[in-house]
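Only one structure is covered here, and it is reproduced in the block below.
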Amino acid sequence: GNASAAVPGWTKRAVDEVVPTLLQGLELDERPRITLRWEQGEHPPGVRIIESQTRGDEVLIQLLGSWRTSSEEARSQLVRNLAHELAHVWQWSLGDPVEPRLLHEGIAEAIAIDLLVRCRELCRASPERLVSKLEGQCRYALQMGRVGGLNERGAIYGCGAVLTESIAVAAQLSPQDLYRRYTETGRSMSDFLDLTEQLAGQRYAVSARTFLTADLRMASPSTTMGRLRAGRL
């Protein structure tokens, strides 16, 4: 990895500790270049923010705010973000990810959750907390309008993860295997819905399309997500 001198040492150690296991879970042989940066800035005490981006095998993790002191929650936040970015590295390994952003980010989140579950003792990153966060984001997005037309974080990350996780479960595939099958057929939203019908059946394909295109603001977000997972939306 690569880190600026100002980056707290515990963050570098945390990254070095979990990266080999996460890469093994993704079946990635080569370690990507991971750059850590930290800017304390003018954020209120106790506020920790991560801004990150991945292109190919280059990962940049920008830490903002109160990262000087280690804590279990701070470490969990960093590791959850790292799992997501390494999922993007794996996505890039299958070719230029030109799919809709909702699927690109949502599947990366679903892969990250799966990784964190499988490396639970080492990662200590509370995948349940990430699931709760994503579902909360999706609940908020569902009250804003048609999910597929929203350029909003809750729709892209939260509802994207809820959608892809539900389809992966219905198809009895891991999120990684679902994405691999998706890239083999095409990378449009219609390709994803066609694949959903092929793998999980017409009922789930209709539910997925409804979830993306219908105005569900009058329905309970929790009920909507439950019906999506049951293939009855």
Side-chain angles (χ1 to χ4, degrees), residues 1-39 48-97 103-134 157 160-161 164-165 168-169 173-184:
N2 181 36
S4 64
V7 171
W10 74 264
T11 62
K12 292 182 281 187
R13 291 190 295 273
V15 168
D16 288 337
E17 182 181 23
V18 302
V19 162
T21 300
L22 295 176
L23 293 181
Q24 183 178 22
L26 290 165
E27 299 182 352
L28 282 171
D29 296 327
E30 295 186 14
R31 176 169 174 148
R33 180 180 176 85
I34 302 171
T35 300
L36 282 173
R37 295 177 184 166
W38 178 46
E39 180 182 332
R48 295 185 307 272
I49 299 170
I50 303 180
E51 295 179 353
S52 52
Q53 61 185 34
T54 296
R55 185 172 182 83
D57 61 355
E58 299 273 343
V59 178
L60 170 63
I61 299 176
Q62 176 79 44
L63 306 175
L64 306 170
S66 299
W67 289 92
R68 185 182 302 279
T69 303
S70 174
S71 69
E72 279 301 306
E73 178 49 38
R75 185 185 184 281
S76 294
Q77 184 180 353
L78 175 61
V79 174
R80 289 194 295 264
N81 178 268
L82 181 62
H84 176 91
E85 296 306 322
L86 292 180
H88 280 324
V89 172
W90 178 78
Q91 287 175 312
W92 275 91
S93 74
L94 299 183
D96 190 3
L103 294 179
H104 182 65
E105 299 294 352
I107 294 176
E109 289 285 27
I111 292 172
I113 292 166
D114 187 54
L115 287 174
L116 296 176
V117 168
R118 286 188 284 140
C119 77
R120 184 180 296 274
E121 291 186 7
L122 175 65
C123 288
R124 306 195 314 274
S126 183
E128 297 85 2
R129 179 119 182 221
L130 178 55
V131 170
S132 178
K133 173 186 173 182
L134 293 167
Y157 289 80
T164 56
E165 178 267 343
V169 170
L173 294 172
S174 70
Q176 268 186 271
D177 287 337
L178 176 63
Y179 185 79
R180 187 181 287 109
R181 292 286 298 272
Y182 174 47
T183 62
E184 291 170 353

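This structure is a prediction, so every number in the text was calculated from the model and none was measured.
Residues Ala161 and Leu134 share a closest heavy-atom pair of CB-CD1, 3.8 Å. For Ala125 against Ser76, the heavy-atom pair with the smallest separation is CA-OG, 3.6 Å. For the residue pair Ala110 and Pro175, the shortest heavy atom distance occurs at O-CG, 3.7 Å. Minimum heavy-atom separation, Pro8 to Thr11: O-OG1, 2.6 Å.
In this structure the side chain of Leu63 never reaches within 4.5 angstrom of the side chain of Ile49, judged on heavy atoms. Side chains of Gln62 and Trp38 form no contact here, defined as non-hydrogen atoms less than 4.5 Å apart. Between Arg118 and Asp114, the closest side-chain pair of non-hydrogen atoms falls below 4.5 Å. Side-chain contact check for His84 versus Tyr157: some heavy-atom pair is nearer than 4.5 Å. In this structure the side chain of Arg80 reaches within 4.5 angstrom of the side chain of Leu116, judged on heavy atoms. Using a 4.5 Å heavy-atom threshold, the side chains of Arg37 and Thr35 count as touching. The side-chain heavy atoms of Trp92 and Pro32, taken from C-beta on, include no pair separated by under 4.5 Å. Looking at Tyr179 and Leu103, their side chains never come closer than 4.5 Å, going by heavy atoms from C-beta outward.
Counting heavy-atom neighbours within 6.0 Å of Arg120 CZ, excluding the residue itself, gives a total above 12. Crowding of Asp96 atom CG: a count of heavy atoms from other residues, nucleotides or ligands under 6.0 Å exceeding 12. Around CZ of Arg181, the count of heavy atoms belonging to other residues, nucleotides or ligands within 6.0 Å does not exceed 12. The number of heavy-atom neighbours closer than 6.0 Å to CD of Gln24, taken from other residues, nucleotides and ligands shown, is 12 or below.
With respect to the salt-bridge test (charged N to carboxylate O, under 4.0 angstrom), the residues Glu85 and Arg55 do not qualify. The pair Arg180-Asp177 meets the salt-bridge criterion, with a side-chain N (NZ, NE, NH1 or NH2) lying under 4.0 Å from an Asp/Glu carboxylate O.
Checking side-chain atoms of Thr164 against main-chain N and O of Gly160 turns up a donor-acceptor pair under 3.5 Å. For Thr183 (side chain) and Gly95 (main-chain N/O), no donor-acceptor pair under 3.5 Å exists by modelled atom type. Between the side chain of Arg48 and the backbone N or O of Gly65, no donor-acceptor pair lies under 3.5 Å. Without hydrogens or angle criteria, Ser132 side chain to Arg129 main chain gives no donor-acceptor distance under 3.5 Å.
Going from atom CG of Leu78 over to atom CD1 of Ile61 covers 6.0 Å, rounded to the nearest 0.5 Å. Annotation: the span from Glu39 atom CD to Leu64 atom CG amounts to 6.0 Å, rounded to 0.5 Å. Residue Ile111 holds its CD1 atom at 10.5 Å from CD of Glu109, rounded to the nearest 0.5 Å. Note: Leu28 CG to Leu22 CG = 10.5 Å, rounded to the nearest 0.5 Å. Atom-to-atom distance recorded for Glu17:CD and Lys12:NZ is 15.5 Å, nearest 0.5 angstrom. In this structure, CD in Glu51 is found 9.5 Å from CD in Gln53, a value given to the nearest 0.5 Å.
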Self-check item: CA sep, side-chain torsions, deciding dist, call: Leu23, Val89, side chain to side chain contact (heavy atoms under 4.5 Å, CB included)
Solution: CA-CA 10 Å; Leu23 293 181; Val89 172; 5.9 Å; no
Self-check item: side chain to side chain contact (heavy atoms under 4.5 Å, CB included) between Gln77 and Ile50, intermediate numbers included
Solution: CA-CA 8 Å; Gln77 184 180 353; Ile50 303 180; 4.0 Å; yes
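Using a 30° and 60° split on the angle between ring planes, His104 and His88 fall in the parallel class, below 30°.
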